[in-house]
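Below is one structure; the comments refer to it alone.
Computed from a predicted model, the values in this text were never measured in an experiment. Hydrogens, waters and symmetry mates play no part in the numbers below; they use all other heavy atoms, side chains included. Numbers here simply count residues along the sequence, with the first being 1.
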Amino acid sequence: MHDDAIGRPLAERLRPEKLEHFIGQRHLLGANKPLRRAVEAGRLHSMVFWGPPGTGKTTLAQLIASYSSANFIKLSAVLAGVKEIRQAMTEAENKQQQKIPTIVFVDEIHRFNKAQQDAFLHHVENGTITLIGATTENPSFELNNALLSRLRVYVLQSLKEQDLQALLDRALSDTINGLGQENLQLESNVKKRLIEVANGDARRLLSLLEMLNDLAESTPNGKQCHEGLLNETLKHSLRAFDKMGEHFYDQISALHKSVRGSDPDAALYWLCRMLDGGCDPFYIARRALRMASEDIGNADPKALTITLNAWEVLERLGSPEGELALAQSIIYLACAAKSNAVYSAFNKASSDVKSSGHHEVPLHLRNAPTKLMKSLDYGKAYRYAHDEPYGYAAGENYFPESKTPVQYYKPVERGLEIKIKEKLMWLKQLDSQEKHRNK
């Protein structure tokens, strides 16, 4: 290991200096890909890299600066304020006078507020800087439109297993910047687990490897790392889960769609993934109640009760004991008969109300608690359903008189809604018979 590498993290030491050494992102940097051609030709344009942690966003920005011989300024949106931004712009203007381009790389650019983002606009437009942002969040949600319209978005993907394997092999064999001189010996099952827990994150993989190297026992045949040592290192979960980030919304979406798709095993997997990552189980309980109404509804009304009961158990027992009740409700939801008839009916009725204005309540449906209201015919001719045959006032209209009745709710041929549909059809027959008699 070179003297200048001592004290620097392994992930920093192994940053590639050439594109051919960059691991992963072949969809962007493969042979003849537009971004690769632009980098190799030194053609600069402002852009934003959107992807999970440890996928090479910072490394790629540094490579672009190197290939274009540009001045490279790195800002962290977490630490930098107005002062640091102004200093960077002043430095860029000075370099511009010397005919030297400047790349300003903003890590976690989504953390800048609108005013801070707008501060870059003028300098991007007049060519003072080339802006490269990095974000783990969806830029269409987190960046304002004025800035986003001036940036080309590149989506970086989590590294594949073969990419992480190649990176691991390089780190173990590199005698200059890696651990080649340490002669660290990893059992095959340790390598496999390292790649699994890295979860597509190169930085995480290298950080774990460096920790193992520091803890490994030295022997005449080199440092030995067994699975027990790895287990000690992995005391806390390393799976990706950001409570306010893209992983969060992707995983809750996967859970909801697995329930809707009637796959209890997949639903249970995503539930456990979220709990394992630290998601608040009460958030999942709230979303499960929504699933019970949106995707099951009256096809199985018990789904709502069971899900609400699971929430109550969770409140009484807490975690982790109460999470079993949550799992029970998720499995029930996935297995239950599905219907979005209530969800669709509610949306249609809501849209109708907003678009059609407010119609008057018919007189026969109005309440008449006073003599004045009765004298104005409030409640007159109202038919009390319980006094009618079958407990149903056939032919009665409950819509406003100025509005044509609309069928919002259309039960499906699944679960209890089969019976509900049959009853509603029977009631319509009674309406039709009553209408025919009154002709």
Do D163 and L167 pass the side-chain contact (heavy atoms from CB on, under 4.5 Å) test, and can you show the C-alpha distance, the side-chain angles, and the key distance before you say yes or no? CA-CA 6 Å; D163 297 327; L167 180 60; over 6 Å; no
Verdict with reasoning, H21 to E17, per side-chain contact (heavy atoms from CB on, under 4.5 Å)
CA-CA 7 Å; H21 297 153; E17 297 180 356; 5.9 Å; no
Just do the side-chain contact (heavy atoms from CB on, under 4.5 Å) check on D352 and K403 with the steps written out, would you?
CA-CA 11 Å; D352 196 1; K403 180 174 177 58; 2.8 Å; yes
Residues M89, I129; criterion side-chain contact (heavy atoms from CB on, under 4.5 Å); working and verdict: CA-CA 8 Å; M89 296 306 107; I129 65 168; 4.0 Å; yes
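A salt bridge is absent between E91 and K95; no separation between the charged side-chain nitrogens and carboxylate oxygens falls under 4.0 Å. A salt bridge does not link R13 to D174: none of the charged side-chain nitrogens sits closer than 4.0 Å to a carboxylate oxygen. Using a 4.0 Å cut-off between a side-chain N of Lys or Arg and a carboxylate O of Asp or Glu, R15 and E12 qualify as a salt bridge.
Taking all atoms of both residues into account, the shortest heavy-atom contact from E323 to L275 is OE1-CD1, 3.9 Å. Closest approach of N213 to K223, counting heavy atoms only: O-NZ, 3.0 Å. Heavy atoms only, all atoms of each residue included: A171 and L10 are closest at CB-CD2, 4.4 Å. Of all heavy-atom pairs between E93 and T128, the closest is CG-CG2, 3.7 Å. Nearest heavy-atom pair, L333 versus A288, reported as atom, atom and distance to 0.1 Å: CD1-O, 3.6 Å. Nearest heavy-atom pair, A334 versus P264, reported as atom, atom and distance to 0.1 Å: CB-CA, 3.6 Å.
Counting heavy-atom neighbours within 6.0 Å of E161 CD, excluding the residue itself, gives a total of 12 or less. With a 6.0 Å radius and a threshold of 12 heavy atoms from other residues, nucleotides or ligands, Y408 has its OH atom above the threshold. Counted within 6.0 Å of OH on Y398, heavy atoms from surrounding residues, nucleotides or ligands total more than 12; the atom is thus considered enclosed. The 12-atom threshold is exceeded at CZ of R37, counting heavy atoms of other residues, nucleotides or ligands nearer than 6.0 Å. In the displayed structure, K428 atom NZ is contacted under 6.0 Å by at most 12 heavy atoms of other residues, nucleotides or ligands.
By the 30° and 60° cut-offs, the orientation of the rings of W426 relative to Y390 is perpendicular.
Residues R193 and N231 bring a donor and an acceptor atom of their side chains to less than 3.5 Å of each other. Side-chain contact, S344 with K348: no donor N or O sits under 3.5 Å from an acceptor N or O.
Checking I109, T135, N138 one by one against L143, the side chain to side chain contact (heavy atoms under 4.5 Å, CB included) holds for a single residue, I109.
With hydrogens and angles disregarded, a donor-acceptor distance shorter than 3.5 Å links the side chain of S46 to the backbone of L131. Side chain of H122 to backbone of E125: no donor-acceptor contact under 3.5 angstrom is found.
In this structure, the side chains of V197 and L230 stay at 4.5 Å or more apart for every pair of heavy atoms.
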